[in-house]
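In this chain, residues are counted from 1 in sequence order.
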Amino acid sequence: MKTSKNRQSVFRSMADSDLTLGWLFTLPFLLLWAWWFLYPFIQSFVRSFQDANFASLDQAKFIGLSNYVEILHDREFFRALLHSLEIVVVSIPLQTILGLFLALLVNQKLKGKGIFRTVFFLPYITSQIAITTVFMMLFKQGTFLTNFFGTLGFGNVTWYADTKYALLFVCILFIFQQAGFTMIVYLSGLQEIPKDLYEASEIDGASKWNKFRYITVPSLKPVTFFIVSVSTIAGFQIYDQIAAISRYGSLGTPAGATSTVVTYFYQHGIRYMNIGYGSAAVVLFFIIIMLITYLQKKFLDGKE
């Protein structure tokens, strides 16, 4: 009897514990993550060491590091990687600053700020293909926007069809779509900052700039790391916008000016059906993202 009672008490304590409840709530996500990400990645990792073709996967042969060696000697890969890095380096700081500015604006006591939040967030949940199509119409030669940018020293050309401006066009698209997401996340972070800190700083005579610099920015550091990490991954994964631009030509149009690591994988792994070579590109892509995320974390931690 004592043994059964002890078991019941153990089960009850497990059921009442926060740890057990936490695992129960996260278990569905972990299962889906393992099925949709972990298992495919393991498959890709194994395929990266094989000479494998989509049409005959059962005839795949182990070739060691040959795929990696070939990729690292391919100028097309490094050109695609450079384009991906340019998108991230240009877009992430701008969309982070813009999102923070919008969050600070919407966080004020303004009438109709709920409408503003919705308007700013709409581009993030709208079809990327649809937004790209609209932007392609707006950035044609002779439109208001191209004329306006022409006065600032840019060429009055069709941006997405010009090798000089096509990648910048993709950056503008990405910033426009991500700013709403950044705003919402920053807004939740701003609302978590204790108001007592601001009240105490006002008593000490702190200016608005000092309150922003010494209270707001440090308090939002974990939020900033989350935003930068998620946005960096999204920047490296850009595909729909480029596919929409390239719908009347080869992927990466014009003349490969918008090629990225993702389009490189698609070309070699899917279109050319060389799944082993494409998988090696995916593994390298994963390593690059993890390295950049680690460096971002070290940089933000170093600013404390």
- Query: Do the side chains of Thr216 and Lys208 get nearer than 4.5 Å, heavy atoms only?
  - Reply: no
- Note on the structure: Rounded to the nearest 0.5 Å, the CD atom of Gln241 sits from the CD atom of Gln128 at a distance of 4.5 Å
- Could you go through the side chain to side chain contact (heavy atoms under 4.5 Å, CB included) check for Thr293 and Thr232 one step at a time? CA-CA 8 Å; Thr293 303; Thr232 298; 5.6 Å; no
- Query: Cut-off 3.5 Å, side chains only: do Asn210 and Ser207 have a donor facing an acceptor?
  - Reply: yes
Could you tabulate the donor-acceptor pairs under 3.5 Å formed by side-chain atoms of residues 72-90, not counting sequence neighbours?
from: His73; atom 1: ND1; to: Val69; atom 2: O; distance (Å): 2.7
from: Asp74; atom 1: OD1; to: Glu76; atom 2: N; distance (Å): 3.0
from: Asp74; atom 1: OD2; to: Tyr264; atom 2: OH; distance (Å): 2.7
from: Asp74; atom 1: OD2; to: Tyr277; atom 2: OH; distance (Å): 3.3
from: Arg79; atom 1: NH1; to: Ala255; atom 2: O; distance (Å): 3.4
from: Arg79; atom 1: NH2; to: Ala255; atom 2: O; distance (Å): 3.1
from: His83; atom 1: ND1; to: Ser259; atom 2: O; distance (Å): 2.8
from: His83; atom 1: ND1; to: Ser259; atom 2: OG; distance (Å): 3.3
from: Ser84; atom 1: OG; to: Ala80; atom 2: O; distance (Å): 3.3
from: Ser84; atom 1: OG; to: Val261; atom 2: N; distance (Å): 3.1

- Task: Taking the side chain as every heavy atom from C-beta outward, state whether Gln50 and Val46 have any atom pair closer than 4.5 Å.
- Result: yes
- Indicate if Trp33 and Ile42 have the same hydrophobic cluster label, given that clusters are the connected sets of ILVMFWY residues with side-chain heavy-atom separations under 4.5 angstrom. yes
- Should Ile71 and Leu284 count as side-chain neighbours, where that means a heavy-atom distance under 4.5 Å? yes
- Side chains of Thr146 and Thr143: donor-acceptor distance under 3.5 Å anywhere? yes
- Query: Is there side-chain contact between Met290 and Tyr294, with at least one heavy-atom pair below 4.5 Å?
  - Reply: no
- Task: Scan for ring pair (Phe, Tyr, Trp, His ring centres under 6.0 Å) pairs involving residues 94-125, sequence neighbours excluded, and state none if there are none.
- Result: Phe121-Tyr124, Tyr124-Phe181
- Take atom CE of Met273 as the centre, draw a 6.0 Å sphere, and report whether it contains more than 12 heavy atoms from other residues, nucleotides or ligands. yes
- Between Ile242 and Ile238, is a side chain to side chain contact (heavy atoms under 4.5 Å, CB included) present by the stated rule, with each step listed? CA-CA 7 Å; Ile242 296 171; Ile238 282 180; 3.9 Å; yes
- Query: To the nearest 0.5 Å, what is the distance between CZ (Phe265) and NE2 (His268)?
  - Reply: 11.5 Å
- Query: Do Phe154 and Phe148 have their ring centres less than 6.0 Å from each other?
  - Reply: no
- Does any donor atom in the side chain of Ser48 or Tyr68 lie under 3.5 Å from an acceptor atom in the other side chain? yes
- Kindly indicate whether the side chain of Val106, heavy atoms from C-beta on, has any atom under 4.5 Å from the side chain of Met183. yes
- Task: Check step by step if side chain to side chain contact (heavy atoms under 4.5 Å, CB included) holds for Asn156 and Asn147.
- Result: CA-CA 6 Å; Asn156 186 2; Asn147 288 329; 2.9 Å; yes
- Item | Cluster overlap Phe236 with Ile287, hydrophobic side-chain contacts below 4.5 Å | yes
- Check against ring-ring contact (aromatic ring centres under 6.0 Å, His included), Phe149 and Tyr165: CA-CA 12 Å; Phe149 283 113; Tyr165 297 108; 9.3 Å; no
- Query: Should Thr96 and Ser231 count as side-chain neighbours, where that means a heavy-atom distance under 4.5 Å?
  - Reply: no
- So which heavy atom on Val262 is nearest to which on Gln237, and how close? CG2-CA, 3.7 Å
- Calculate, to the nearest 0.5 Å, the distance between atoms CG and CZ belonging to Asn274 and Arg271 respectively. 14.5 Å
- Query: What do you reckon, is CZ of Phe45 surrounded by more than 12 foreign heavy atoms closer than 6.0 Å?
  - Reply: no
- Does Gly276 offer a backbone N or O that forms a donor-acceptor pair with the side chain of Asp51 under 3.5 Å? no
- Query: Is the number of heavy atoms from other residues, nucleotides or ligands within 6.0 Å of CD1 (Ile125) greater than 12?
  - Reply: yes
- Item | Nearest-0.5 Å distance, CG of residue Leu38 to CD of residue Gln43 | 10.5 Å
- Message: Are Phe176 and Val230 linked, directly or through intermediate hydrophobic residues, by side-chain heavy-atom contacts shorter than 4.5 Å (ILVMFWY only)?
- Response: no
- Item | Flag, side chain of Asp162 to backbone of Lys164, donor-acceptor distance under 3.5 Å | yes
- Work out which heavy atom in Arg47 is nearest to a heavy atom in Asn67; give both atom names and the distance. O-ND2, 4.2 Å
- Sub-3.5 Å donor-acceptor pair from the side chain of Thr263 to the main-chain atoms of Thr260, do we have one? yes
- Query: Looking only at heavy atoms, what is the nearest atom pair of Tyr198 and Ser201, with distance?
  - Reply: O-OG, 2.6 Å
- Message: As an exercise, state the distance from CG of Leu100 to CG of Leu187, rounded to the nearest 0.5 Å.
- Response: 10.5 Å
- Message: Taking Met137 as the starting point, is it possible to reach Ile129 by hopping between hydrophobic residues whose side chains are less than 4.5 Å apart?
- Response: no
- Query: What residues, two or more places apart in sequence or in another chain, satisfy side chain to side chain contact (heavy atoms under 4.5 Å, CB included) together with Thr158?
  - Reply: Lys140, Gln141, Tyr160, Ala161
- Note on the structure: Taken to the nearest 0.5 Å, the spacing of Trp35 CH2 from Leu30 CG works out to 16.0 Å
- Task: Please report the C-alpha distance between Tyr266 and Tyr239 in whole Å, then the side-chain angles of each, then the deciding distance to 0.1 Å, and finally whether the ring-ring contact (aromatic ring centres under 6.0 Å, His included) criterion is met.
- Result: CA-CA 10 Å; Tyr266 181 86; Tyr239 177 80; 5.5 Å; yes
- Message: Restricting to non-hydrogen atoms, name the atom on Thr132 and the atom on Ala244 that form the minimum distance, rounded to 0.1 Å.
- Response: CG2-CB, 3.7 Å
- Stepwise, does the side-chain hydrogen bond (donor to acceptor under 3.5 Å, both in side chains) test hold for Ser91 with Gln178? CA-CA 9 Å; Ser91 302; Gln178 287 289 124; over 6 Å; no
- Message: What I want to check is whether the side chains of Tyr186 and Thr224 have a donor and an acceptor closer together than 3.5 Å.
- Response: yes
- Taking the six-membered ring for Trp, are the ring centroids of Phe169 and Trp159 within less than 6.0 Å of each other? no
- Item | Shortest non-hydrogen contact from Ser246 toward Gly252 | OG-N, 3.1 Å
- Task: List the steps and the verdict of side chain to side chain contact (heavy atoms under 4.5 Å, CB included) for Val119 and Ile115.
- Result: CA-CA 6 Å; Val119 170; Ile115 298 175; 4.2 Å; yes
- Task: Kindly work out whether a path of hydrophobic side-chain contacts (I/L/V/M/F/W/Y, heavy atoms less than 4.5 Å apart) joins Ile245 to Leu145.
- Result: yes
- On a heavy-atom basis, the closest approach of Leu251 and Ala243 is CD1-CA, 4.0 Å
- May I ask you to decide if the ring planes of Trp209 and Phe212 are parallel, tilted or perpendicular, using 30° and 60° as cut-offs? tilted
- Message: Treating Ser66 as the side-chain partner and Ile63 as the backbone partner, does any N or O pair qualify as donor plus acceptor under 3.5 Å?
- Response: yes
